[in-house]
There are 2 protein chains.
Amino acid sequence: MPSSPPAVPAPTPAETPTLAELMRRGDVFSDRCPSREVLQHVTSRWGVLVLVALLEGTHRFSDLRRKVAGVSERMLAQTLQWLEADGLVRRQAFPVVPPHVEYSLTGLGREAGERVQALADWIEGNLADILAARETVQRDKSANRPK
Amino acid sequence: MPSSPPAVPAPTPAETPTLAELMRRGDVFSDRCPSREVLQHVTSRWGVLVLVALLEGTHRFSDLRRKVAGVSERMLAQTLQWLEADGLVRRQAFPVVPPHVEYSLTGLGREAGERVQALADWIEGNLADILAARETVQRDKSANRPK
DNA sequence: ATAAGTACGCACACAAAGGTAAGTACCCAT
DNA sequence: ATGGGTACTTACCTTTGTGTGCGTACTTAT
């Protein structure tokens, strides 16, 4: 149980990448780097689930809606448009009535999807540990201020 | 250029996992599964960046604030509390004045962090392709409705 | 003596995310 | 003929995320 802070090891100098550098290779730690937008689309609430769902193959709009439980039509459409704009999802519309549209991953989308799936899988597999940790952390906090 | 939709391959039967099953192994596709909350914390705008930052080692609050460019004190504190509650981040406060608090990853946090880093790294490395795709997709859309 | 740094909590405000409901223009099953 | 399915869009409203500014209780640097 440490009561005094450790000594500082080494100061990290500040970095200021140019815009051109941010295009060649993004930097999520940089405030105005475009990679942050992409990150937000990919890690958005429904974006993650759509990418994982599409890893299994092409889906129609309403198939996705059923698979991704809880998503509204509005947000599913919105999310798909984000991912399509970023070149991760391909949209194929057939000129028939009633409408028929198929969504699938592009090459980029598949690569991204595999990474988000790795994360989602890990969370699913370790959910029990995480929920257990929640209890523990909560208990420890309460112990530090019993009144 | 397909103009008629392909035939359907096979209908997937509906699944309804019980709450108990959702605890042993989460299912992010299930509406009320707790894994979704965890997913949201981990993939939140600042959660991603904090996890990646902490992979490099222990950081103080203000170190994180400087490293994660653009985050406000309010949201950094909030994000850290989410991750701490989920057992991914450890908080160590020293009873000194001025305040000194150190944040680090737990075992769970490191595993999660590695996965989000893999995603962040991929996005950084493929940013150029994604930005290029944005242009292309935009152009294709405009071409389909020139007026 | 004054300013800056530290790690937050709190109140206020705004914008974005997200849900609900309705409308569209047809087809198909009952 | 009525109801449901399809792939959205739009308008309206609520919730959440997020930023800003202020206060704190001191210490260290200027």
Side-chain angles (χ1 to χ4, degrees), chain A residues 4-8 11 14 31-32 36-37 39-50 58-85 89-104 141 144-145, chain B residues 4-8 11 14 31-32 36-37 39-50 58-85 89-104 141 144-145:
Chain A
S4 63
V8 291
D31 201 354
R32 65 216 181 290
R36 286 216 175 158
E37 297 173 28
L39 192 58
Q40 292 219 51
H41 298 158
V42 170
T43 63
S44 69
R45 177 168 184 191
W46 306 116
V48 174
L49 302 179
V50 165
T58 298
H59 283 69
R60 296 183 59 172
F61 185 85
S62 43
D63 289 340
L64 279 174
R65 177 147 161 59
R66 274 183 289 267
K67 177 144 194 167
V68 180
V71 70
S72 64
E73 294 191 351
R74 177 164 150 20
M75 285 316 297
L76 181 54
Q78 170 80 350
T79 301
L80 285 167
Q81 282 165 15
W82 286 336
L83 298 178
E84 190 197 354
V89 162
R90 184 181 303 117
R91 190 188 112 108
Q92 211 169 92
F94 301 93
V96 296
V97 58
H100 185 121
V101 181
E102 298 193 341
Y103 291 94
S104 55
K141 272 202 165 179
N144 285 357
R145 46 159 176 69
Chain B
S4 64
V8 290
D31 201 354
R32 67 215 180 289
R36 287 219 175 153
E37 298 172 27
L39 192 58
Q40 291 216 52
H41 298 158
V42 169
T43 63
S44 68
R45 177 168 184 192
W46 306 115
V48 175
L49 302 180
V50 165
T58 299
H59 283 68
R60 296 184 58 172
F61 184 85
S62 43
D63 289 340
L64 279 175
R65 177 149 160 59
R66 274 182 289 268
K67 176 144 196 168
V68 180
V71 69
S72 65
E73 295 191 351
R74 176 161 156 19
M75 284 317 297
L76 181 55
Q78 172 77 6
T79 301
L80 285 167
Q81 281 165 17
W82 285 335
L83 299 178
E84 191 197 354
V89 162
R90 184 180 302 115
R91 190 189 113 108
Q92 210 169 97
F94 301 92
V96 295
V97 58
H100 185 121
V101 180
E102 298 193 342
Y103 290 94
S104 55
K141 272 203 164 178
N144 286 358
R145 46 157 175 70

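To find a chain, count down the sequence lines: A is the first, B the second, and so on, and within it residues start at 1.
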* Report the residues that fulfil side-chain hydrogen bond (donor to acceptor under 3.5 Å, both in side chains) with Glu37(A), sequence neighbours left out, ordered by chain and then residue number. => Arg134(B)

* To do: With sequence neighbours excluded, tell me which residues meet side-chain hydrogen bond (donor to acceptor under 3.5 Å, both in side chains) with Arg66(B).
  => Asp63(B)

* Asked: Near DNA chain D, which residues from residues 40-50 of chain A have a heavy atom under 4.0 Å away?
  -> none

* Asked: For Arg36(A) and dT18(D), what is the distance between atoms CZ and C1' respectively, to the nearest whole Å?
  -> 13 Å

* To do: Whole angstrom is fine here: how far is it from NE2 in His59(B) over to P in dT6(C)?
  => 14 Å

* Sugar-phosphate or base contact per nucleotide [nucleotides 7-16 of chain D; S, B, -; heavy atom under 4.0 Å] -> SBS-B-----

* CA sep, side-chain torsions, deciding dist, call: Arg45(A), Val71(A), side-chain contact (heavy atoms from CB on, under 4.5 Å) -> CA-CA 9 Å; Arg45(A) 177 168 184 191; Val71(A) 70; over 6 Å; no

* Asked: Taking atom CZ of Arg60(B) and atom CD of Gln92(B), what is their separation to the nearest 0.5 Å?
  -> 12.5 Å

* Asked: Nearest-Å distance, CG (Leu64(A)) to C1' (dT6(D))?
  -> 14 Å

Show the atom names and distances, to 0.1 Å, of all donor-acceptor pairs under 3.5 Å that link a side chain in residues 75-82 of chain B to residues at least two apart or in another chain.
residue, atom, partner, partner atom, Å
Thr79(B), OG1, Met75(B), O, 2.7

* Structure fact -> Applying side-chain hydrogen bond (donor to acceptor under 3.5 Å, both in side chains) to Glu73(B) and not counting sequence neighbours gives none

* His59(A) vs Val50(A), side-chain contact (heavy atoms from CB on, under 4.5 Å): CA-CA, chis, key distance, verdict -> CA-CA 10 Å; His59(A) 283 69; Val50(A) 165; over 6 Å; no

* d(CE, Met75(B); P, dA7(C)) in whole Å -> 18 Å

* To do: Using whole Å, report how far CZ of Phe94(B) lies from C1' of dC8(C).
  => 16 Å

* Residue closer to the 5' end of DNA chain C, Thr79(A) versus Val97(A) (nearest nucleotide) -> Thr79(A)

* How far apart are the C-alpha atoms of Lys67(B) and Leu49(B), what are their side-chain angles, what is the distance that settles it, and do they pass the side-chain contact (heavy atoms from CB on, under 4.5 Å) test? -> CA-CA 9 Å; Lys67(B) 176 144 196 168; Leu49(B) 302 180; over 6 Å; no

